[in-house]
Amino acid sequence: EQYLQLAREAFQQKDYDTATDHLISVLQFDSSNSEAFGIMGDMAFSKKDLNTAEGYYLRRLELAPESYEAHKDMGRLYLERCEYDSAIEEFKTALQYDKEHFDPYLYIASIYCNLGQYDEAYEWLYREVFEVKAEQSQSDRDLSNQMYYGISYTISQNKSIDELDSLIG
């Protein structure tokens with residue numbers, strides 16, 4: 001666990017060589033550590049090496065098929081490749097395992113917006129508001145409100161998926 005935490009910290013600082021060294025140590029002790037494969041995938045994704053990222057993400061899914069994060073990561077990968085149907089399916093699967101996160105709702109809304117399906121985009125924003133926000137603390141609800149109205153405005157102005165993605169963060 002110590003090496004995994006060190007790997008997370010190195011990744012956040014974009015020190016990928018150090019993160020990789022720590023992840024190798026993690027995998028030497030536990031070759032089925034799904035989070036280690038997720039971080040390896042995230043590093044490859046951040047370098048835009050999508051094929052390598054996909055390999056790590058698929059391994060993570062094999063090890064943890066019910067992982068919210070694993071399905072969300074695959075959704076982001078498919079979104080980056082403009083494979084929208086696959087991205088939507090992965091985001092929906094992620095929500096089956098954890099509905100408390102608003103990212104998948106917003107990613108799905110952004111995809112539908114990019115496809116010009118504005119009613120579907122609004123529907124997913126509506127779901128985010130009523131399915132997720134009810135369970136959030138006040139500060140998280142305030143953030144969700146800001147995002148909802150910002151994204152609603154962006155959709156109404158027919159902005160691009162990149163502009164929506166920058167709102168999602």
Side-chain angles (χ1 to χ4, degrees), residues 1-115 121 124 127-128 131-132 135-137 139-140 143-144 147 151 160-169:
E1 184 63 34
Q2 176 188 2
Y3 287 119
L4 196 56
Q5 181 59 36
L6 292 170
R8 282 188 213 107
E9 292 169 5
F11 171 70
Q12 289 173 347
Q13 296 170 2
K14 298 185 187 208
D15 183 356
Y16 299 141
D17 291 336
T18 300
T20 300
D21 290 342
H22 291 307
L23 292 169
I24 288 170
S25 295
V26 169
L27 292 170
Q28 285 175 337
F29 291 110
D30 180 7
S31 63
S32 63
N33 187 303
S34 67
E35 187 176 352
F37 286 103
I39 295 169
M40 295 292 280
D42 290 343
M43 286 191 296
F45 186 87
S46 68
K47 296 176 188 177
K48 301 294 184 195
D49 183 354
L50 301 182
N51 291 332
T52 300
E54 181 178 33
Y56 287 125
Y57 290 156
L58 288 172
R59 179 70 177 131
R60 183 179 193 181
L61 273 173
E62 287 174 20
L63 296 169
E66 296 180 2
S67 166
Y68 162 83
E69 289 292 335
H71 288 283
K72 185 184 88 169
D73 288 341
M74 285 301 297
R76 288 180 31 246
L77 179 97
Y78 290 133
L79 180 59
E80 184 71 21
R81 288 182 173 166
C82 298
E83 297 174 17
Y84 298 134
D85 289 339
S86 296
I88 288 170
E89 287 308 309
E90 287 295 340
F91 291 132
K92 286 180 179 178
T93 301
L95 289 170
Q96 289 176 0
Y97 298 114
D98 190 344
K99 290 185 184 224
E100 293 183 20
H101 297 277
F102 53 80
D103 292 5
Y105 294 97
L106 300 177
Y107 280 122
I108 292 170
S110 71
I111 291 168
Y112 283 125
C113 179
N114 194 54
L115 296 173
W124 280 93
R127 288 181 186 182
E128 186 272 333
E131 290 181 12
V132 177
E135 306 298 322
Q136 292 177 332
S137 67
S139 62
D140 287 342
L143 176 62
S144 289
M147 292 176 69
I151 292 171
S160 73
I161 197 165
D162 291 333
E163 292 167 296
L164 287 170
D165 195 43
S166 70
L167 288 172
I168 295 170

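Small disclaimer: the values here were computed from a predicted structure and weren't measured.
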Query raised in the report: Which heavy atom in Y97 sits nearest to a heavy atom in E66, and how many Å separate them?
Result: CG-O, 3.3 Å

Query raised in the report: For the residue pair A19 and A10, what are the closest heavy atoms and their distance?
Result: N-CB, 3.6 Å

Requested in this report: Flag yes if more than 12 heavy atoms outside Y56 fall under 6.0 Å of its OH atom; otherwise flag no.
Outcome: no

Query raised in the report: Taking I39 as the fixed residue, which of V26, L4, T20 is the one that meets the side chain to side chain contact (heavy atoms under 4.5 Å, CB included) rule?
Result: L4

Report summary line: So OG of S110 and CG of L79: to nearest 0.5 Å the spacing works out to 5.5 Å

Requested in this report: Would you mind reporting whether E80 and L77 have side-chain heavy atoms less than 4.5 Å apart?
Outcome: no

Query raised in the report: Donor-acceptor pair, H71 side chain versus L61 backbone, under 3.5 Å?
Result: no

Query raised in the report: Atom CZ in F37, atom OG in S67: separation rounded to 0.5 Å?
Result: 13.5 Å

Query raised in the report: Going by the angle between their ring planes, with limits at 30° and 60°, are Y3 and F29 parallel, tilted or perpendicular?
Result: parallel

Query raised in the report: Looking only at heavy atoms, which two atoms of F91 and G75 are closest? And how far apart?
Result: CZ-C, 3.3 Å

Requested in this report: State, with a plain yes or no, whether a side-chain heavy atom of Y84 is found less than 4.5 Å away from one of C82.
Outcome: yes

Query raised in the report: Taking it one step at a time, do K47 and T52 satisfy side-chain contact (heavy atoms from CB on, under 4.5 Å)?
Result: CA-CA 10 Å; K47 296 176 188 177; T52 300; over 6 Å; no

Report task. For D42 and Y57, test the side chains for any donor-to-acceptor distance below 3.5 angstrom and give the result as yes or no. Result -> yes

Report task. Write down the atom of G41, the atom of A53, and the distance for their closest heavy-atom approach. Result -> O-CB, 3.5 Å

Query raised in the report: Between CD of Q2 and NE2 of H22, what distance do you get to the nearest 0.5 Å?
Result: 8.5 Å

Query raised in the report: Between CH2 of W124 and CD1 of I111, what distance do you get to the nearest 0.5 Å?
Result: 10.0 Å

Query raised in the report: Do the side chains of K72 and D98 get nearer than 4.5 Å, heavy atoms only?
Result: no

Query raised in the report: When rounded to the nearest 0.5 angstrom, what distance separates CD1 in I88 from CD in E83?
Result: 12.5 Å

Query raised in the report: Is any side-chain N of the basic residue among E69 and R60 closer than 4.0 Å to the acidic one's carboxylate O?
Result: no

Report summary line: Residues A70 and A64: closest non-hydrogen pair is CB-O, 4.3 Å

Query - Donor on one side chain, acceptor on other, E9 and Q5, under 3.5 Å - result: yes

Query raised in the report: side-chain hydrogen bond (donor to acceptor under 3.5 Å, both in side chains) between D30 and S32: does it pass, once the steps are laid out?
Result: CA-CA 5 Å; D30 180 7; S32 63; 2.9 Å; yes

Report task. Enter the distance from F11:CZ to S46:OG here, rounded to the nearest 0.5 Å. Result -> 5.0 Å

